[in-house]
Amino acid sequence: MKKGVNEVDVNWGSAIYQLVAFVTLLLLVSKFALKPLMGVMEKREQLVNEQIDSAEKTRKEADAFINEQRKELEKARVEAQKIIDQAKKLSEQQAQDIIQQARENAERVKDSALAEIQREKEQAVTSLREQVASLSVLVATKVIEKELDAKEQEKLVQEYLKEVGEGL
């Protein structure tokens, strides 16, 4: 018999045998090779996901720590600025106190010096009055003793005044 171009001679026994062998091989590979391989792949995927989660958690913790450290640093800066401001205020207050004390001391020294000058002046005036009084008595005694004329009396007064001037 001659077969046409459209007719194909298929050996159905061999085709079914190959199909059964293929399905059996597929089942065996699926059970013994594919399942363990898929288990390893799933474990690997789970490990990678855990590492990604852990890395994300660590990154978030690091970000939180950085933010906390920034806040602490800012607090420290503010506190340092407060300390500097307080130190400036304290130094300015101390400078004002020192200036005020110096002014008070200068005023006391000035008042003391003026009082001392006034006492010295009063003592000098008292001493001068005593000297003038004694000289006046002495001049009067000598004038009376000599009974001098006006020229000699004037000359005598000038001499005694000159002596008094040298005595001061």
Side-chain angles (χ1 to χ4, degrees), residues 29-168:
V29 168
S30 168
K31 183 171 182 155
F32 293 109
L34 210 53
K35 280 188 181 180
L37 185 62
M38 290 304 285
V40 168
M41 294 300 287
E42 286 175 3
K43 285 181 184 178
R44 177 70 179 146
E45 181 182 5
Q46 184 179 5
L47 179 65
V48 168
N49 286 337
E50 287 175 1
Q51 288 177 344
I52 289 172
D53 291 343
S54 175
E56 183 66 23
K57 181 181 174 185
T58 304
R59 186 190 63 76
K60 286 179 181 177
E61 289 173 356
D63 286 345
F65 183 73
I66 288 171
N67 288 335
E68 183 180 330
Q69 291 301 314
R70 284 182 181 153
K71 288 176 185 175
E72 290 296 323
L73 182 61
E74 187 60 31
K75 261 193 216 176
R77 283 183 184 148
V78 168
E79 190 173 327
Q81 189 61 43
K82 284 181 184 177
I83 291 171
I84 290 169
D85 292 343
Q86 287 174 349
K88 284 180 183 178
K89 287 178 184 177
L90 181 62
S91 67
E92 288 172 3
Q93 182 61 41
Q94 287 176 344
Q96 292 298 326
D97 291 346
I98 290 169
I99 290 170
Q100 183 63 30
Q101 287 176 354
R103 286 182 180 151
E104 290 172 0
N105 286 341
E107 191 65 30
R108 277 196 298 268
V109 168
K110 177 182 151 192
D111 291 344
S112 175
L114 288 174
E116 183 67 28
I117 290 170
Q118 186 63 32
R119 279 193 298 277
E120 292 290 329
K121 180 181 171 184
E122 288 173 4
Q123 286 177 355
V125 168
T126 303
S127 175
L128 185 59
R129 284 184 183 157
E130 289 173 2
Q131 287 179 1
V132 167
S134 68
L135 284 176
S136 296
V137 170
L138 184 61
V139 168
T141 346
K142 285 193 178 185
V143 167
I144 292 175
E145 286 177 3
K146 285 189 176 180
E147 290 270 339
L148 301 173
D149 63 356
K151 275 189 176 182
E152 286 182 28
Q153 189 177 358
E154 181 67 30
K155 183 178 173 186
L156 191 58
V157 170
Q158 289 300 325
E159 285 177 16
Y160 286 120
L161 285 177
K162 189 175 182 181
E163 286 178 20
V164 169
E166 291 173 1
L168 296 177

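Once rounded to the nearest 0.5 Å, the distance linking CZ of Arg44 with CG of Leu47 reads 5.5 Å. Expressed to the nearest 0.5 Å, how far CD of Glu92 lies from NZ of Lys89 amounts to 9.0 Å. Summarising the geometry, atom CG belonging to Leu37 is positioned 11.0 Å from atom OG belonging to Ser30; distances are rounded to the nearest 0.5 Å. Residue Gln94 holds its CD atom at 4.0 Å from CG of Leu90, rounded to the nearest 0.5 Å. Taken to the nearest 0.5 Å, the CD1 atom of Ile83 stands 13.5 Å off from the NZ atom of Lys88. If you take OG1 on Thr58 and CG on Asp53, they are separated by 10.5 Å, rounding to the nearest 0.5 Å.
More than 12 non-hydrogen atoms from other residues, nucleotides or ligands lie less than 6.0 angstrom from CD of Glu116.
You'll find the side chain of Val48 stays beyond 4.5 Å of the side chain of Glu45, heavy atoms only. With contacts defined as side-chain heavy-atom distances shorter than 4.5 Å, the pair Glu159/Lys155 qualifies.
In the model, Gln101 has no side-chain atom that pairs as donor or acceptor with a side-chain atom of Asn105 under 3.5 Å. Gln46 and Glu42 are not linked by any side-chain donor-acceptor pair at a separation below 3.5 angstrom, with hydrogens and angles left out of the test.
In this structure a side-chain-to-backbone donor-acceptor pair under 3.5 Å is missing from Ser54 to Glu50. No side-chain donor-acceptor contact under 3.5 Å links Ser127 to the backbone of Gln123. In terms of modelled atom types and a separation under 3.5 Å, the side chain of Ser112 and the main chain of Arg108 share no donor-acceptor contact.
Electrostatic pairing of Glu72 and Lys75 counts as a salt bridge here, judged by a charged N lying under 4.0 Å from a carboxylate O. Salt-bridge annotation for Asp63 and Arg59: present, with a side-chain N of the basic residue lying under 4.0 Å from a carboxylate O of the acidic one.
In summary, of the residues considered (Thr126, Val132, Val125), a side chain to side chain contact (heavy atoms under 4.5 Å, CB included) with Arg129 occurs for Val125 alone.
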Subject >> side-chain contact (heavy atoms from CB on, under 4.5 Å) assessment of Lys43 paired with Val40 >> reply: CA-CA 5 Å; Lys43 285 181 184 178; Val40 168; 5.7 Å; no
Subject >> Pair Glu122-Gln118, side-chain contact (heavy atoms from CB on, under 4.5 Å): steps then yes or no >> reply: CA-CA 6 Å; Glu122 288 173 4; Gln118 186 63 32; 3.2 Å; yes
